[in-house]
Each structure stands twice: as C-alpha cells, then as structure tokens.
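Written out below as structure tokens is the structure these notes cover.
Given the structure is predicted, the values throughout are model-derived calculations rather than measurements. Order of the sequence lines sets the chain letters (A, B, ...), proteins ahead of strands, with each chain counted from 1.
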Amino acid sequence: MPPKRKAAAQAAPAPSKAGRTSALSTPGPATPRSLDSSMMSEADDDFDEDVSEAQKQREDGLGVEAEQFVQVFDLSSKRFQGKNEKRTDSVTSFFKNGERDFHYLPLKPDHQRRPLYIEPTQGLIFLERWSPRGKQATDFLVTIAEPVSRPKYIHEYKMTAHSLYAAVSVGLTAKDILTSLDGLLKTEVPQSIRSFIEEYTMRFGKVKLVLKGNKFYIESVDEKMLARLLNDEIIGPLRVHTSGDGEGLTVTTAPKMGGLVIPGTQNAAGVHQANLKAGGAEPAANEGELYATLNEEDDDDKEAVHAFEIPDHAVETVQKRCLELGMPILEEYDFRNDDQNANLEIDLRPNTQIRPYQEQSLSKMFGNGRAKSGIIVLPCGAGKTLVGITAACTIKKGVIVLCTSSMSVVQWRQEFLKWSNINPDDIAIFTAESKNKFSGNTGIIVTTYSMVTNSRERSHDSKKMMDFLRGREWGLMLLDEVHVVPAEVFRRVISSIKSHSKLGLTATLLREDDKISHLNFLIGPKLFEANWMELSQQGHIAKVQCAEVWCPMPTEFYDEYLRANSHMKRTLYAMNPSKFQACQYLINYHEARGDKIIVFSDELYSLKQYALKLNKVYIYGGTGQAERMQVLQNFQHNPNVNTLFLSKIGDTSLDLPEATVLIQISSHFGSRRQEAQRLGRILRAKRRNDEGFNAFFYSLVSKDTQEMYYSAKRQTFLVDQGYAFKVITQLANLDKTPDLAFATAKERRELLQRTLVDNEKGGEEDVENDDLFGKPVRRAGGRRGGGVRRTAGTLGELSGGQDMAYIEQNKGANKTLKKQAKAQQNTFFKKIAREKERVRTGK
DNA sequence: TATTGGGCAA
DNA sequence: ATTTTTGCCCAATA
C-alpha cells in the first residue's frame, strides 16, 4: 500500500508527539487507563498495560470498546485542543465564556472564493453550497467527513474518527486531505484539526484482515506495526504458528493491479475513469489529485507484505484489540488474485447502465482494485439493490445476501435474475420454506439475518445448511438494511460466516440508540452517502412536499386524553376526529387528483376504525399472506382502490407498490428511521419525470399532545436531508368534503365513547370480527388491554344512556360497510384472478 | 396444515 | 422528557 506508507512517513511530525505527552498527564475522567496508555504507546513503543484491566476489557462487549475508543480519539479531547492559542479581545466577551468565538482564525485574503469554514473543537465544517467551488467541496467533504445537515444553502459536515477512517480506506493520505482542505478553507487549517488528521491517517488503514485458504491473516506492509501487535499480550498469544515460518512473518508481495472494470459503467472503462467522471463537469483540480492516489498502487508492485495467521475464533478479539490500540483493521479482498475460490458466472445484463451516484459509491468500494468492506447509504428507491448486484458482478465469487425478512429474500433473488445473467440454479434461497443449495461449486445464497443467527434448536435441513454456509469462504457478504446489524443477536452473523468482504446497504444509517457507530468496526466505514436533495433534483427519486397538519383535539377528547394511561393516550390522539377529518379530506383531495395513497397508523385500533369508516382496504400483521397479496395487487392495479391503510408492517416487511401520497396518522414515538423509511415509500414514484410532479408526505398531529414532540423529533433526519416541513393548521374548504365524518358534536361524542369502550374490553371482540376478509386473526384479544382499568362508572358518567343507542347503531353500520367491502372485494379478486391467468398463459 | 408460543427489535 | 406494544420469524403442536 504505497500511499499509506507515504502517509506514515509524512504524517509523523514532532508536534503530535508533544501533544500526546501532554495528554498523558491529563487523561479524561471517563477514559479507562488501559486504553489511554495503549494509545500513548504508539509514541514510545511500550505496552505497559495493567493485565487485569485488559482482561476485564476483553470480557466487555465490543460496543463498550467502541464507545471508549471514540471518546479517546475525539477531536474535542484535550490532547488535540491544547494547541490552539486563543486570543481574546473586545468582541470575545459577547460569547459565553468566549467558547464559540473563532474569529481569531484569520480569514485568507481571497476567502470569498473559498467555500468552507471549519470549527476547530468539534471538527464541524460549514459549506457555502452556492459557491462556484461548492460542488467540488461537496465531493471532497463526502469523502472525509460525515454529512450532518444538508438543507438548501449551508451544509454542515463533521470530521470524525470514522470519517477519516473512511477517507483513509479509499486511499487518501494526510497530505491529500490537508492540501485539499487548505485550498477550500476560508481560514488557515487550525492546528487541532491538522494534528487530528495527521494522527488518524497515520494510524488507520495500516493493518488488514485477510482471508486466505479459509484462514485469517493479519497483514501489513509495515513490519514494525505487526511486531507491535505480536508483542501485545492479547493478540500475541493468539497467533497461529504455521510450520516452517518460525518466528518470522510470512512475507509475500503485493500483486500488481491491472485496470479493474466495474460492470455497468458507461464505457466500462474502470475505476480511474469512473472517478474522473464522478468529478463531474467542473474543473476538479483538487479532486483529480485526490483520486490519483487511488491508483498509485500500480507504481511499485514489488511491495512486501507481512502477515501472521490468527484462528477464526480470534477474529473478533483481534479486531476489538486493534481498535483499542487505535489501529482499526481494514478488510480488503484482492478478489482478482484469488484462485482458491471458484469464480462465479455472473455479469450485469448487457444493456444495464448504473447511475452516476451508484457508480460513484462503487468506485469508493473498489477504489484500489480490491473490494473494501464498508457501508453505502442510498435513499429508498435509489437502487440499493442494483449497487449490491453490481458489486457481486465485479467480484464474481460466491455471494451471501442477508435480508431482514423472507419477503425481501425473494425480491433480492428476483432482482438478481432481472439485472444479471446469473444462472437461476446458481442462486438459492435459504428460508424456512426453502433450503436448497446452489447446484455448482459456487453461487449465491439469499437468506435472512434471523435464519443465520438463530441459535435455538433447528430442523435437520437448517443445520446442514448452516454447516454449509459456515464451512466455506464467501467472496462477498451483502448486508441489506444494515442498520439492524448492531443488535446483539444480529452481529453474530459477522463472525459466524466467513467472507472476504462485506457490503452494507441502508437508506438510513440511524438508530435511536447509539449502536450505529458499532457498524464502523463490525462491517467497515461508511463509503458513500447520497444526498437526497441532489438525487431528487436529478430526477432519480421523486420530489416530495412535506407537511405537518395540526389537528386540534375537541375538548371532550382532550379531557379524556389528560386522564388516560399511555396506551389510551396513543389511541386517543390517533382517534382525534379532527385528525380523521383531515385524513378524509386529504384522501378525497388526492384521490381526485389520481394519486395512490398510503396511510400509516401504528395504532391498530385506529387503523381499523379509519379504514372501515372510510371503506378502504388495510393490511396489518394479522392479515394473512394471501389477503396481503390480494390487497396489494388491488392497490396496484385496480383503479377503484387508491388508498391503502397500513400498520407498521409496511415499514419493513412489505414490498409496497409505488404510491404518490403518504399520510401518517400514528407513529412509533420519535423514530427518525421510521419516518425516513416511510418517506422512502413514495420516492420511487415513476411520475417524477413529469414536469412539476410532486409526491406528498403528510404527518397528522394532534395539537397539544405528546405527538407534537415526537413529530418534531422524527422529522429531524429529513430536515437534515434538506426537506422542508410546512405546518398546516387549517385545510382549505375542509367542511366542503362530502360526507365529512364526525361533523356533529354528537358523532364525536359517540366516537369517543366507542373508542373508550372498545379499548376497555381488551379488544376481545372488537373490530377484529369485522375484518374485511372475515378471517380469524391471531392474538386477537391477547396481550392488549391488560393495563386498562376503567370502570363502567367512569363510562356512565361520560355517556348517558342516550349515547349507548348510537353505539349499537354504529355496529350495524360497520357490518353494512363490511358487506360492501366484501362485495367490492369479490369483484377485485375476480379481476385479479383473471389478470393472473392472463399473465400466466401469456408467458 | 394451520395455529400457537417464545424470542427479539424498534 | 420516555415508552409500550406490535410485528416478524421460527419451531413445536394438534
């Protein structure tokens, strides 16, 4: 890896040493001693660690390690920050403690032509997007920093440990980064940033984990680095001594690279051109320089590579330990020189062309002619699957694809067959239903995370399959929806199946817990993240208008809301009649425009009530497989079915047909991921190329309830992606909606009572029996309602006998509704059956 | 073959 | 300022 070696030479100046010495005397309070000292040892080559401390550490989960690691390496830590001499003057006093005052950083004379500011204590970078060099700066920042917020004008990025790790992993050196940064910054590069970059690039990417002949090796061009690892009291003993190599390291030479071709690129001309092309039309002086290093490897192909072997079970331990030592292991797969594993007959179909941003993300992965492990973040509908397939077609070795549900397993297989020329016998599915292997000696297996991680008693076939999966080497592991992996159970996948490279795909690298950073060492750095706004401007995904509709709660609802327990609260703000009206109005409006509408409600009771009242089809977890298909097909093809109600089942486990409008009436607390995922459902809209076409995303919120808070939180991710939420407090001509529901006070009171009654009974025989399809539903009365402890007395006080009569009436109305739905539905089904028949016989 | 319960995530 | 229930998946059961 010549570029990296050069980096080491250039990036080890005296000042960083001074920085470390000063840090030694002031370890952060939350910083474990062992971590701190091990990090320091980089300077003076000694590993005087407290052994018991280290033992304890080993027992801790990887997660804890990662968090500590991040703390120690944080830019805001003292050892980086000591180095700014802050000056104070007459203005400083206006800032609190002078803390956020950075005007001591002098502007360069030509600062107006430079688009970037950098904040020296957090590594925040601000980009003036309108600058003529805005595009160039964006490309640079995407490589070295994490996007934080990208609204219209000023974009915010953050340079972090992980982002620099990613930069190094695509072959950049400290010098590359500093030169480009300096060129784009309005100020000089602050000293803290300079040492931060230098120290990181020096440490990162030097040690690699490679799989050779089903054995794992730790590899580096830097012999001293390996010696240091072998001296470590955790890694050292784990080394496998193969016969003949004695105490010396295995030495091989890095093979020469030829021009790698990523299939599907416009002229399939390989990485170098792909990179130049990715630079776009603008003159990209810096960028050209930047990417030139990616291919520098060709220069000296006699590079000696040192390695030692470690056993399979130690991989996790070693990865963890190297992380502690501040030298995270990078995984690279030199697939073109792998003749141990059989090649897979696979290529993209000849006329397939991948989009520029897909190409860009793949060129990050294959930047140096090898397959790097990492994560690619693309919004839903932007073609994540095709990126994965193209990666598989580039590597041409055995592939294992992991998905979240068996639905997407089937889809992935179909996509593979659609985009590539893979022999259908070579791509097999491993789920509860199907446990076939591929016929040849290599191929593709598509399966789910839970299939692979399940540790309980398994059927004989599954066991055999698992042994098969575990027993061989895979060229590529594709991890769909990779944000689920950090969960305790799912991370077991990483160690149980041996793969040379891993590619994680996701739309939202977000979780409400802090485990997302674990992906950086479980899989690899984030290689690429698309800018949603940019993609929608280019017409790859739909343009979306987002709105939050504020629905006032009628007083009687609000009173009840204040008294209710948390579940009832959720039900009540979903059942808010104003919300219902707003929903009805929006459905009306958009159906008239010819839109396809999806309504999401996490709250099952309201989901069913809304759907029944409005006579729309709905799907939730209890809906049987066949019905789901029928409803979905109707929604897709039947011009009379334009609105579909969905529970959160629609978030992950359904392959939804495309819709153009999305209405949210109830959602899962403040989950930003859910919000983003749901928005993603309308990004595919095909009509996006029509002039002025917009998709719509409405979030209905009951005023003055918890929903307001959650809603704001949920939106933050989308706002950071550049979406602007309009707040609507009044819908124009709402009252002109035909058959507007709950228009009278009496109806509203009824609704409230019915809601209370139905939910009190524990849902025993509530709407479940009015299921559109009359099918018995699992867990109908089950765990729900345990906590509801309302007495009949409370209800009596509220209602009065008169209103009880209306409840009866309403039940009758529901039944009529159901009959209608059934009658209607029968015609749909016939139609669908005919259609199916046509498709079948036609082909 | 359909249903049920356990485990897990969000 | 925080949560609960829901849904998925598998394997066992009748």
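For A:Thr448, counting side-chain heavy atoms from C-beta on, the closest listed nucleotide (B:dA10, C:dC10, C:dT2) is C:dC10. Nearest nucleotide to the side chain of A:Met451, out of C:dG7, B:dA10, C:dC10: C:dC10. Of the listed nucleotides (C:dC9, C:dT2, C:dG7), C:dG7 has the atom at the smallest distance from the side chain of A:Lys648. Closest contact between the side chain of A:Lys713 and the listed nucleotides C:dT6, C:dC9, C:dT2 involves C:dT2. Listed candidates were B:dA10, C:dT6, C:dC10. Nearest to the side chain of A:Val484 is B:dA10. Candidate nucleotides C:dT2, C:dG7, C:dC9 were compared by shortest atom distance to the side chain of A:Tyr709, and C:dT2 ranks first. With C:dT4, C:dG7, B:dA10 as the choices, the nucleotide that has an atom nearest any side-chain atom of A:Arg673 turns out to be B:dA10.
Taking only distance into account, the side chain of A:Tyr710 meets the base of C:dT2 through a donor-acceptor pair shorter than 3.5 Å.
A donor-acceptor contact closer than 3.5 angstrom is absent between the side chains of A:Asn759 and A:Tyr605.
Considering only residues two or more places apart in sequence or on other chains, A:Phe468 meets the ring pair (Phe, Tyr, Trp, His ring centres under 6.0 Å) condition with A:Phe438. A:Lys498 is linked by a salt bridge (Lys or Arg N to Asp or Glu O under 4.0 Å) to A:Asp312, counting only residues two or more places apart in sequence or in another chain.
Under 4.0 angstrom from either OP1 or OP2 of C:dC9 there lies at least one side-chain N or O belonging to A:Ser405. Distances shorter than 4.0 Å separate none of the side-chain N or O atoms of A:Arg570 from OP1 or OP2 on C:dT4. Residue A:Thr404 has no polar side-chain atom (N or O) positioned under 4.0 Å from OP1 or OP2 of C:dC8.
Using modelled atom types, no side-chain atom of A:Glu675 and backbone atom of A:Leu718 make a donor-acceptor pair closer than 3.5 Å.
In this structure, A:Met465 atom CE and C:dA11 atom P are separated by 14 Å, rounded to whole Å.
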